[in-house]
Amino acid sequence: MLEEVERWLDARSWSVTDRPLQQLLAAKHAGGQTVSVVLPALDEEETVGDIVSVIRRELMEGVPLVDELVVVDSGSRDRTSAVAAAAGARVVHRDAILPRIPAVPGKGEVLWRSLLVTGGDIVCFVDADLREFRADFVSGIVGPLLTDPDVHLVKAMYDRPLGAAPGQGGRVTELMARPLLNMHWPRLAGFVQPLGGEYAARRSLLEQLPFPVGYGVELGMLVDALHLVGLDALAQVDVGVRRHRHQDGQALGRMSAAIYRTAQLRLARGHLVRPALTQFERGADGFEPRTYSVDTEERPPMTEIAEYAARRVA
């Protein structure tokens with residue numbers, strides 16, 4: 001590991017217990033900063049309501065840390081929107097945001113569009129499939145942003161059990177993202193969960209970043225933020241254990257392809273690789289190929305969108 005990264009680990013890796021809630025509230029009041037929490041959601045009726053309820057009860061009604069809580073539904077076929085609204089979130093449908101640009105499927109698309117329907121100086125993203133959710137997933141990662149003006153983006157770090165096996169989750173991280181970062185962006189090798197969906201950032205940073213529309217958004221954001229604001233502006237906070245729904249191996253393969261594509265674009269802009277992934281499934285006549293397109297589109301920095309600029313002027 002680079003000496004710079006070792007120093008960064010000591011200086012920019014914290015525990016959720018390092019900043020008590022009252023310290024965060026005092027810093028928020030003194031700095032006049034507002035906090036938005038965004039949950040991107042697709043068919044998450046089983047878990048989204050509990051997450052919204054905890055945030056609303058503990059961080060909005062219990063203490064005024066979070067100013068707005070928004071669930072962006074990206075086309076759920078179940079009761080995700082109804083459950084989230086009943087629990088106290090403002091629900092916005094992806095297709096209703098910036099309708100002049102047709103939406104495409106993908107998590108990054110939802111996160112990008114969420115900047116247009118939130119107003120917080122700090123934006124905190126939380127995946128909607130978490131189980132046994134705790135409020136310090138939010139307070140932990142917004143804490144450094146409220147108390148340290150030099151920090152611009154904070155990732156949560158945690159253990160990810162796979163079933164009963166501790167620490168075996170995050171298969172795409174270990175097999176794809178971590179090798180890519182260590183080989184090509186070794187200054188980012190200190191991130192424990194580079195692909196984790198729980199992170200917070202200053203709006204002033206997010207609005208300058210391009211957003212890969214799919215699963216490459218987390219890796220792309222880290223790499224681009226490194227180049228834009230530098231390693232010392234990035235940080236991570238230990239929030240304990242993260243439990244969530246795990247995807248099957250083929251879904252992870254498609255996720256890995258999108259992440260690799262995101263990395264490849266940043267390594268060699270303009271040099272195109274085949275944007276498709278063929279996998280195999282056993283059918284009646286043996287193994288049958290299934291070919292999936294790999295996310296290649298990226299949304300521009302939000303500062304380049306006229307509607308966003310007009311909203312800021314207004």
Side-chain angles (χ1 to χ4, degrees), residues 35-56 66 68-85 87-99 101-120 122-131 133 137-138 141-142 153-156 172 193-201 203 205-207 209-222 242-247 251-252 254-255 258-259 262 295 297-299 302 308:
V35 177
S36 300
V37 176
V38 173
L39 276 68
L42 177 63
D43 295 331
E44 302 293 357
E45 66 175 352
E46 293 185 4
T47 50
V48 68
D50 289 341
I51 299 172
V52 169
S53 295
V54 169
I55 295 172
R56 184 156 197 90
V66 172
E68 65 175 343
L69 174 54
V70 179
V71 171
V72 182
D73 191 325
S74 57
S76 296
R77 294 160 295 181
D78 64 5
R79 298 181 60 252
T80 291
S81 290
V83 170
R90 175 163 62 94
V91 178
V92 184
H93 291 273
R94 175 200 63 195
D95 295 351
I97 306 171
L98 199 61
I101 300 179
V104 298
K107 179 183 179 182
E109 178 84 351
V110 174
L111 301 184
W112 182 71
R113 289 174 186 263
S114 75
L115 297 180
L116 272 162
V117 293
T118 55
I122 295 169
V123 183
C124 175
F125 298 120
V126 176
D127 281 351
D129 66 343
L130 301 190
R131 303 180 186 278
F133 178 79
F137 269 67
V138 172
I141 56 178
V142 303
L153 185 148
V154 182
K155 298 279 293 190
V172 175
Q193 297 291 351
L195 300 185
E198 289 68 50
Y199 49 99
R203 177 176 295 270
L205 170 63
L206 293 173
E207 65 188 10
L209 299 177
F211 277 62
V213 298
Y215 284 118
V217 63
E218 275 84 22
L219 183 134
M221 190 176 295
L222 265 186
R242 181 188 197 264
R243 303 184 188 278
H244 66 113
R245 170 175 47 81
H246 292 280
Q247 301 192 54
L252 296 180
R254 297 190 290 274
M255 186 184 303
I259 291 166
T262 299
D295 297 315
E297 189 168 358
E298 298 197 3
R299 296 305 191 188
M302 192 56 78
Y308 187 77

Using the salt bridge (charged side-chain N to carboxylate O under 4.0 Å, His left out) criterion, which residues pair with Lys155? Sequence neighbours excluded. none
Worked check of side-chain contact (heavy atoms from CB on, under 4.5 Å) between Tyr199 and Leu222: CA-CA 11 Å; Tyr199 49 99; Leu222 265 186; over 6 Å; no
Are Glu198 and Arg242 close enough for a salt bridge, meaning some N to O gap below 4.0 Å? yes
Looking at every non-hydrogen atom in both residues, tell me the closest pair between Pro212 and Gly220 and how far apart they are. CG-CA, 4.5 Å
Do Glu297 and Val104 make a side-chain contact, defined as non-hydrogen atoms from C-beta onward lying under 4.5 Å apart? yes
For Val123, does its backbone N or O pair with a side-chain atom of Ser36 as donor and acceptor, under 3.5 Å? no
Of all heavy-atom pairs linking Ile141 and Val154, the shortest is O-CB, 3.4 Å
Looking at Val126 and Pro40, what are the two nearest heavy atoms and their distance? O-CD, 3.3 Å
Do Leu219 and Leu195 have side chains that get closer than 4.5 Å, going by heavy atoms? yes
Given Phe133 and Ile55, is the side-chain contact (heavy atoms from CB on, under 4.5 Å) satisfied, shown in steps? CA-CA 9 Å; Phe133 178 79; Ile55 295 172; 3.6 Å; yes
Taking the side chain as every heavy atom from C-beta outward, state whether Arg113 and Val38 have any atom pair closer than 4.5 Å. no
Could you tell me which non-hydrogen atom of Leu42 sits nearest to which non-hydrogen atom of Ser76, and how far apart they are? CA-OG, 3.4 Å
Would a 4.5 Å heavy-atom cut-off, applied to side chains only, mark His93 and Ser81 as touching? yes
Just so I know, are the side chains of Asp127 and Glu44 near enough to count as touching, which here means a heavy-atom distance under 4.5 Å? no
Which distance, rounded to the nearest 0.5 Å, do you find between the OG1 of Thr47 and the CG of Asp129? 6.0 Å
Before giving the answer on side-chain contact (heavy atoms from CB on, under 4.5 Å), spell out for Leu69 and Leu39 the whole-Å C-alpha distance, their side-chain angles and the decisive distance to 0.1 Å. CA-CA 8 Å; Leu69 174 54; Leu39 276 68; 3.9 Å; yes
When you measure from the side chain of Arg203 to the backbone N and O of Gly120, does any donor-acceptor pair fall under 3.5 Å? yes
Taking all non-hydrogen atoms of both residues, which atom of Tyr308 and which atom of Leu115 are closest, and how far apart? CE1-O, 3.5 Å
Within 6.0 angstrom of Glu46 CD, more than 12 heavy atoms from elsewhere: no
Got a second to check how far Leu205's CG is from Ile122's CD1, nearest 0.5 Å? 12.0 Å
Should Met221 and Phe211 count as side-chain neighbours, where that means a heavy-atom distance under 4.5 Å? yes
Is the closest side-chain heavy-atom distance between Phe137 and Ile51 below 4.5 Å? no
Evaluate Glu218 against Leu111 for side-chain contact (heavy atoms from CB on, under 4.5 Å), listing each step before the verdict. CA-CA 10 Å; Glu218 275 84 22; Leu111 301 184; 4.2 Å; yes
Contact check, side chains of Trp112 and Ile97, non-hydrogen atoms, under 4.5 Å: no
Looking only at heavy atoms, which two atoms of Gly49 and Ala87 are closest? And how far apart? O-CB, 3.5 Å
Can you list the residues that meet the salt bridge (charged side-chain N to carboxylate O under 4.0 Å, His left out) rule with Arg90, with sequence neighbours excluded? Glu68
